[in-house]
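Within every chain, numbering begins at 1; the chains are lettered A, B, ... in the order of the sequence lines, protein sequences first and strands thereafter. Side chains included, hydrogens not; waters and symmetry mates left out as well; all remaining heavy atoms used.
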Amino acid sequence: MHRTHHCGELRRSHVGQVVTLGGWVNSYRDHGENLVFIDLRDRYGKTQIVFNTEDSSEIDSLARRLRREDVVKVRGEVRYRGDALVNPKLATGEIEVRVQGLEILSRSKTPPFEVEGGDLPNEELRLKYRFVDLRRPELQKSIILRHQLTQAVREYFNARDFLEIETPMLGRSTPEGARDYLVPSRVHPGSFYALPQSPQIYKQILMVAGFDRYYQIARCFRDEDLRADRQPEFTQIDVEMAFVERDDILNMIDGLVAHVMKSIRSVEIPLPLPRYTYADVMERFGSDKPDLRFGMELIDIGAIAAASEFSVFRNVIGSGGRVRGINVKGAAEKYSRRLLDVDLKNFVGEFGAKGLAYMKVAGGKLESTIAKFFSDEQQQQIIQKMSGEDGDLLLFVADQPKVTSAALSALRNRLAKELKLYDPSDFRCHWVIDFPLVNWNPEEQRFDAEHHPFCQPNPEDVSYMTTDPGRVRADSYDLVVNGYEAASGSVRIHDSAVQQQVFDLLKINPEEAERRFGFLLEALRYGAPPHGGVGMGLDRWVMLLAGDDNIRDVIAFPKTQKAADLLTGAPSGVDDRQLRDLHIQVQLPEEK
RNA sequence: GGGGUCGUAGCUCAAUUGGUUAGAGUACCGGACUGUCGAUCCGGGGGUUGCGGGUUCAAGCCCCGUCGACCUCGCCA
C-alpha cells in the first residue's frame, strides 16, 4: 500500500496511529545527522515528518539526501508536537509523523523554479514546466474550483430534466464569424472538417429532434488572436431549451448563477438579475459589457459644447459627433498634467480619440486651459450636468459617437481600477438585452449579424426589417459579470421563412444559404419548436470566481498568445508521410 | 496586420545612463547544528547579458534586424 492517509488529513485525533504517507518533498530542514524535518506535500496539504536517530538511526543518511520535489513514501507514528511546537499555519500543524520507514519513489531534478516561496518566474518558463507550475497551491485551487463549478452546473441542470448530450468535434466549416480550425480528411482528398466554434447548429437540431432541454460542457475552437481573457480553445457551458420565450431562458440561467454562487461562495444573490437594454448601457457606459461595480457614468454635454466658444467641441458637434465626459470624483489632484496630457491622452488615442479635454472643479468653478471658452453660465451648466463638486476631475472626449463610447468606457475601467473604486472580490452580474439584430459593415457594404444569423428578430420590430434594418432589435442577451461577457445567447428562428428573410438581409443568397446551412434550414422545415439558449464561458467564470484576470491560470494546459503549447511544442511540423496520406502540400510564406 | 512592455546566474532583480574583474537575494553544492517550520551559521560553484549584425578606443546600455513571452487595437457570427 502506498498510503493510508493524505498530507492534509492528520489531526490530533490520529495520534498514536502508524500511518503511511506519499508525497513530494516541499522543503527540508536539516539539523545534522540526528534530526531532519521534511514538509511532505500533496494536493490536500502538507504534513511535517521527522527523522530522529532516537527511533530511526538507519534511515537518516537517506533522509539527509532528500531534496525538493523528490517523491517519497514514509511510514511512521503520528505524534502530538507539544504545546510550544504547534504550527498554526498548517492544518496539520498539531501533529507530525515520526518516521520508521522511508522509501524514495522518484528523484527530482532541481526544479526550474520554486513550487512554494520565491518569486514567480515569467510565464514562458511556467508554461514550459507546467507540471511544476501546477503543483503550486494557487493553481491547484483554481483547477479544483473549476471542477466544483462544472459539478455545480451539472447538478443544477440534471435536477431540471436537462440532458447532457455530446455533439461532434469534427464538423462542417460554416465560413462566417471566427476563423475555423481545419482538419484535413484522409478519405476525402481535398476536403476538411472544421472544429466547432460552438455547438450552435447541432443544439438547434437537437431541439428539432425533441430533446427539449439540453446542456453540454463543450470545447470550442476559434482561430483568432488571443487576449488575457481569450484562448483559441475554450470551454462553453452550452444550453438550449425548446418551447420557451426569452424570459424563460433568462430565469433559468438566473437560477444557475444563484446555484453556483451558493455552492461555490455560499452567498445568496437576489433574483432576478438586473436586465438593462443595449441602448441603455451603451448610452450610460459606452459599452455593451459595462462593469457595474462602480458608477462614473458617461454624460453628454453636447448642447453646452455646441453653444460654447470652443471650436474643437463645436466642430465635432457640427460634423455629427458627440461630446461626452466622465466625472472622476475627488481625483483633481491625483492626475498630473503630464499624466493627463500624455498617458491618458495616448490611452484614449488607442481607441481613435484625437484628444482628451479635462477640467477640475475648484471653488465651484472650472479650472482648465479651455475654461476660457466657456461662459460662467456654461461652466455652471457643465458642473451641474456632471454633478461636479470641488476636487472632481472632469474628462471629456469629443469625437464620432462610437469613438466617444469606446474611449470613455475604456478610460472608465482604467481609472476605476487605478483609483480602487471597487472591491475586487465583488461579483456583479447583469443581463444586457435587446441587442441590435445587425450591424452595418461599411467595407462590405452590407449588414452583418450582431450575434449570429439564427437569432430571432424582436417581433415588434419586424416591420423595420426592410425599411430600417439597423433599428431591428434581436431577441438576444448577454450576461455580464464585472465587465466581462460571461454568457451570450438568443431566441432562435424556428421558421424557415423568417430565417430566409434574415439571410436576405445579410446578403446571403438562397443558393449560398442552402450550401452553407442547408441542413439546418431543412431541419427547420420538419417541425421546429420555438427554442433558444445560451453559451456561457466556463473559463471566464472560473477566472472571475478565482478573482483572477488571466484565463491561462484557470486552464491546466493553456496556450500562449501565439497559440503555442510550450509544454509539448504544439503546433509542430509533421512527417511527409502524414502529409501524403492527407493529400496536403505545404506552401510556406516567402522569406523577405 | 498595427502599437506598447520585457528578455542579464536555475529563478527574481540590480549594474551610478557608453568606461576597471557584471552584483544581490533566493535556489543549488559542501560543512556545522537534536525542535525546526521562509530554520540558522560558515564556505563554494555558477554568466555566449535571447540570437545575428552594426556604430565606437570601449556596448548589458546606442542603432538595425530577428526570436520569444506578456498587454493592447483590429479581429473574435
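Across B:A22 and B:U36, the matching P atoms stand 41 Å from one another, rounded to whole Å. Annotation: B:C11 and B:A27 have their C1' atoms spaced 7 Å apart (nearest Å). A distance of about 33 Å separates the C1' atoms of B:A24 and B:U34, rounded to the whole Å. Straight-line distance between the C1' atoms of B:G44 and B:A9: roughly 15 Å, to the nearest whole Å. Straight-line distance between the P atoms of B:U20 and B:C61: roughly 14 Å, to the nearest whole Å. For B:U17 and B:G1, the C1' atoms lie 35 Å apart once the distance is rounded to whole Å.
For A:Lys46, no side-chain nitrogen or oxygen approaches OP1 or OP2 of B:C37 to under 4.0 Å. Distances shown here put a side-chain N or O of A:Arg67 below 4.0 Å from the OP1 or OP2 atom of B:C29. Here A:Arg227 does not reach the OP1 or OP2 of B:C75: none of its side-chain N or O atoms lies under 4.0 Å away. Using a 4.0 Å cut-off, some side-chain N or O of A:Asn122 falls inside it from OP1 or OP2 of B:U12. Phosphate proximity of B:A69 to A:Thr560: present, with a side-chain N or O under 4.0 Å from OP1 or OP2. Within the 4.0 Å cut-off from OP1 or OP2 of B:A69, not a single side-chain nitrogen or oxygen of A:Lys128 is found. Proximity of A:Arg552 to the phosphate of B:A69: no side-chain N or O atom is located under 4.0 Å from OP1 or OP2.
Within 4.0 Å (heavy atoms only), A:Asn550 reaches no atom of the nucleic acid at all. Contacts of A:Glu450 with the nucleic acid, taken as non-hydrogen atoms under 4.0 Å apart, involve only primed sugar atoms and P, OP1 or OP2. Looking at heavy-atom distances under 4.0 Å, A:Pro453 makes contact with a base. Within 4.0 Å of A:Phe234, counting heavy atoms only, lies no atom of the nucleic acid at all. Counting any heavy atom pair closer than 4.0 Å across all strands shown, A:Gln48 reaches a base atom. Nucleic acid contact class of A:Phe454 (heavy atoms, under 4.0 Å, all strands): none. Backbone-only contact: A:Glu350 has heavy atoms under 4.0 Å from sugar-phosphate atoms and none from a base. A:Arg68 comes within 4.0 angstrom of the backbone, heavy atoms only, and of no base. At a threshold of 4.0 angstrom between heavy atoms, the contacts of A:Leu226 with the nucleic acid are absent. A:Leu506 comes within 4.0 angstrom of nothing in the nucleic acid, heavy atoms only.
Stacking of A:Phe37 onto the six-membered ring of B:U36 is present: less than 5.5 angstrom between centres, less than 30° between planes.
In this entry the distance linking NE2 of A:His31 with P of B:G31 reads 17 Å, nearest Å. Rounded to an integer number of Å, the gap from CG of A:Leu90 to C1' of B:C37 is 7 Å.
No salt bridge links A:Arg41 with A:Glu116; every basic N to acidic carboxylate O contact stays at or beyond 4.0 Å.
Base pairing annotation: B:U5 forms a Watson-Crick or G-U wobble pair with B:A69, both donor-acceptor distances under 3.5 Å. Of all nucleotides present, none satisfies the Watson-Crick or G-U wobble test against B:A58 with each distance under 3.5 Å. Nucleotide B:C76 is matched to nothing when pairs are restricted to Watson-Crick or G-U wobble geometry with both distances under 3.5 angstrom.
A:Tyr214 and A:Asp238 form a side-chain donor-acceptor contact under 3.5 Å, judged by distance and modelled atom types alone. Side-chain contact of A:Ser488 with A:Asp478: a donor-acceptor pair under 3.5 Å is present, judged by distance alone.
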